Amino acid sequence: MRVRFAPSPTGQLHIGGARTALYNWLAARHAGGRFILRIEDTDRERSTPENIAHILEALRWLELDWDEAIVHQTDNEERHRQVLERLLDEGRAYRTTATGDDVKAWKAEHGAGRGYRGTPMADGAVRLHVPDEGATVVHDLIRGDAVFQHEHLDDPVIARADGSPLFNLAVAIDDHDAEITHVVRGEDHISNTPKQLLVLEALGAPKPVYAHLPLLHGPDGRKLSKRHGAASVQDLRDAGYLPEAVRNYLALLGWGDADDETLIPTDELVKRFDLGRVSKNPARFDEQKLRWMNGRYLRGLGTEELTRRIEAFTGRERLGPAVAISEEKIQTLADFWPLAGFLYDGPSDDPKAREKWLAQTGHAALTDARLALAELTDWSHAGIEAALGAVVEARAAKPRDVYQPLRVAVAGTTVSPGIFETLSVLGREETLRRIDAALAAAPASA
RNA sequence: GCCGCCAUCGUCUAGGGGACUAGGACGCCGCCCUCUCACGGCGGAAACCGGGGUUCGAAUCCCCGUGGCGGUACCA
């Protein structure tokens with residue numbers, strides 16, 4: 001099996017494109033085949049080196065490795081032109097200056113469902129002759145056979161008037177030259193397929209098997225865009241998702257096997273993946289499920305590895321202790337700093353929290369807690385818990401009435417890792433300093 | 001308009017004529033755990049687009065309708 005992922009570098013790698021790449025990669029790895037990367041840069045207006053770099057970066061981040069030298073479609077232009085000449089010489093293609101309006105006019109005369117047939121001219125764009133009789137059948141692993149009656153098909157334009165090859169010509173030739181056996185791509189290409197098949201046929205080339213993937217939509221069923229939050233692989237990375245979680249989630253967006261498992265590590269995905277089991281209906285990208293899944297992967301990493309990832313993500317160092325006490329509370333790498341950053345950068349400022357928890361009884365409870373902590377000799381999770389437990393008991397208070405003021409004093413907010421863990425990581429000195437600052441800022445009389 | 005693809009809980013899906021009182025996962029709701037937020041555990045609500053066939057029997061097969069999507073470029 002030889003498959004290819006052939007993005008056109010007109011922007012960042014979108015999530016839909018990432019899934020297409022993943023399915024190609026999974027199919028190749030599953031079969032022990034080859035995964036080839038081809039950049040379709042024949043659209044010179046929109047294809048830029050920056051965009052190519054973005055795509056490669058995204059694929060590397062996803063850890064989808066390709067097996068052969070990257071093919072740039074523009075590098076094959078000579079070959080495309082040669083084939084074009086041959087097609088023209090053999091009378092399988094012709095030139096015509098007919099414009100879109102001409103085609104429309106032609107159809108008004110011959111019927112809307114009738115495929116356009118032009119008259120050969122001395123110059124103009126090149127169109128491929130489509131026979132009037134018969135049909136081209138697309139054999140699709142996912143959908144079965146799709147039949148395209150030739151009478152409905154327009155003679156497709158395969159090159160510009162200047163002889164530069166167009167998409168449907170270039171793709172067919174490149175797939176053939178690269179000996180691609182399975183073309184796995186988005187469903188939006190399904191109606192291009194008969195055109196490419198016709199080119200292949202004119203060339204006398206063998207035909208690959210196709211697998212047209214259902215499209216990916218946003219949560220509202222519309223085209224996925226930045227409006228929905230993450231739309232590109234870069235967005236996903238910046239949002240703190242793990243590549244292994246993204247692979248797992250994307251694999252399940254449009255594919256599932258009989259086992260019904262949800263958490264499937266990549267090596268297992270490779271073992272189970274089957275193009276024939278890809279779903280036919282379009283899927284919506286639902287970030288909630290990705291978040292959940294990412295949390296599971298994140299917690300499965302182990303504290304040490306998770307710390308490395310969070311340090312790389314935040315650009316901060318020595319986060320180990322904070323990561324250890326935050327692990328079970330975060331879903332993404334990006335969740336960490338808002339939750340535990342106060343340990344390093346000082347309490348955040350939440351006036352509402354201070355108002356609610358540091359006035360009157362809160363102030364008194366905090367004062368008692370400070371006393372107990374100041375004399376505590378065993379500054380450990382257990383020691384802190386025992387000391388504060390005694391304060392709760394002595395005040396005949398609810399635990400939260402002692403712990404929340406403390407939390408607000410050291411973290412500045414009402415949400416943080418466990419209070420005993422937090423204090424033990426913070427250390428006695430820093431803890432007392434923060435309590436004093438909180439006490440001073442919110443006098444008991446206030 | 002024309003050509004084509006698709007149609008199971010809100011979402012992703014399992015289901016390939018009887019095993020379906022339609023299963024799982026996310027999300028949602030409730031309970032438990034609990035110092036906050038989470039994590040975890042337990043339980044619950046929630047779907048076969050409509051109509052015709054075929055068949056002893058249809059979520060599963062066929063047809064029609066409806067709806068959604070894609071294509072319809074001298075873009076890819």
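Since the structure is predicted, the reported quantities are computational estimates derived from the model, not experimental observations. Proteins get letters first, then strands, A, B, ... in listed order; numbering begins at 1 in each.
- With B:C74, B:U13, B:G27 as the candidates, the nucleotide lying closest to the side chain of A:Ser279 is B:U13.
- Comparing B:G65 with B:C5, their P atoms sit 14 Å apart, to the nearest whole Å.
- Distance noted for atom C1' between B:A59 and B:C74: 48 Å (whole Å).
- Aromatic ring centroids of A:Tyr210 and A:His182 lie 6.0 Å or more apart.
- Within 4.0 Å of A:Ile419, counting heavy atoms only, lies at least one base atom of the nucleic acid.
- For A:Phe167 and A:His189, the ring centers sit closer than 6.0 Å to each other.
- Nucleotide B:U54 forms no Watson-Crick or G-U wobble pair with any nucleotide shown, as no partner meets the under 3.5 Å limit on both distances.
- Between B:U60 and B:G15, the two P atoms lie 15 Å apart (nearest whole Å).
- A:Leu166 comes within 4.0 angstrom of the backbone, heavy atoms only, and of no base.
- For the pair A:Arg19 and A:Tyr23, the cation sits on the ring face: its NZ or CZ lies under 6.0 Å from the ring centre, inside 45° of the axis.
- Across B:C56 and B:C26, the matching C1' atoms stand 41 Å from one another, rounded to whole Å.
- No engagement by A:Gly100 is indicated, since no non-hydrogen atom pair under 4.0 Å with the nucleic acid exists.
- You'll find that the side chain of A:Ala283 is closest to B:U13, out of B:C35, B:U13, B:C74.
- Note on A:Arg277: only backbone sugar-phosphate atoms sit closer than 4.0 angstrom, heavy atoms only; bases stay farther off.
- In the interface, the side chain of A:Lys329 is paired with the base of B:C37 through a donor and an acceptor atom under 3.5 Å apart.
- Under a 4.0 Å N-O distance rule, the pair A:Arg127/A:Asp154 does not qualify as a salt bridge.
- Taking only side-chain atoms of A:Thr414, from C-beta outward, the nucleotide of B:C39, B:U8, B:U36 with the closest atom is B:U36.
- Within the 4.0 angstrom heavy-atom criterion, base atoms lie near A:His189.
- Using a cut-off of 4.0 Å between Lys/Arg side-chain N and Asp/Glu carboxylate O, A:Asp220 and A:Arg284 are scored as not salt-bridged.
- Across B:C74, B:U36, B:A7, the shortest atom-to-atom separation from the side chain of A:Arg160 is found for B:C74.
- Comparing B:C74, B:C3, B:U72 by their nearest atom to the side chain of A:His152 picks out B:C3.
- For A:Gln404, counting side-chain heavy atoms from C-beta on, the closest listed nucleotide (B:C74, B:C69, B:C35) is B:C35.
- Note on A:Pro214: nothing from the nucleic acid sits closer than 4.0 angstrom, heavy atoms only.
- With both ends at atom P, the span from B:G16 to B:A7 equals 16 Å, rounded to whole Å.
- Residue A:Arg127 is in sugar-phosphate contact alone, with no base atom involved, counting any heavy-atom pair closer than 4.0 Å across all strands shown.
- Minimum interatomic distance between A:His150 and A:Pro131 (heavy atoms only, all atoms of both residues): CB-O, 2.9 Å.
- A sub-4.0 Å separation between OP1 or OP2 of B:U72 and a side-chain N or O of A:Arg114 is absent.
- B:C32 and B:A47 are spaced 28 Å apart, taking the P atom of each and rounding to whole Å.
- Proximity of the aromatic rings of A:Phe273 and A:His30 is defined here by a centroid distance below 6.0 angstrom, and this criterion is not met.
- Only the P atoms considered, B:G4 is 39 Å distant from B:C20, to the nearest whole Å.
- The pairing partner recorded for B:A38 is none, the criterion being a Watson-Crick or G-U wobble arrangement whose two distances lie under 3.5 angstrom.
- For A:Lys280, counting side-chain heavy atoms from C-beta on, the closest listed nucleotide (B:A7, B:A38, B:U11) is B:A7.
- Nearer the 5' end of RNA chain B, as judged by each residue's closest nucleotide, is the contact made by A:Phe148, out of A:Gly256 and A:Phe148.
- At B:A76, none of the side-chain N or O atoms of A:Arg38 fall inside 4.0 Å of OP1 or OP2 (strictly under the cut-off).
- A:Thr42 has a side-chain polar atom (N or O) that falls below the 4.0 Å cut-off from OP1 or OP2 of B:A76.
- Of the candidates B:C74, B:U36, B:C2, the closest approach to any side-chain atom of A:Ala125 belongs to B:C74.
- In this structure, A:Arg296 does not reach the B:C26 phosphate: none of its side-chain N or O atoms is under 4.0 Å from OP1 or OP2.
- In this structure, A:Glu421 reaches the bases: a heavy-atom distance under 4.0 Å links it to at least one base atom across the strands shown.
- Checked against the 6.0 Å centroid threshold, A:Phe420 and A:Tyr403 count as a close aromatic pair.
- Between B:C2, B:A7, B:A76, one nucleotide has an atom nearer to the side chain of A:Gln73 than all others, and that is B:A76.
- For A:Asn192 against B:A76, a side-chain N or O and a base N or O form a donor-acceptor pair under 3.5 Å.
- With hydrogens and angles ignored, a donor-acceptor pair closer than 3.5 Å exists between the side chain of A:Asp260 and the base of B:G23.
- Looking at heavy-atom distances under 4.0 Å, A:Gly254 makes contact with sugar-phosphate atoms alone, never a base.
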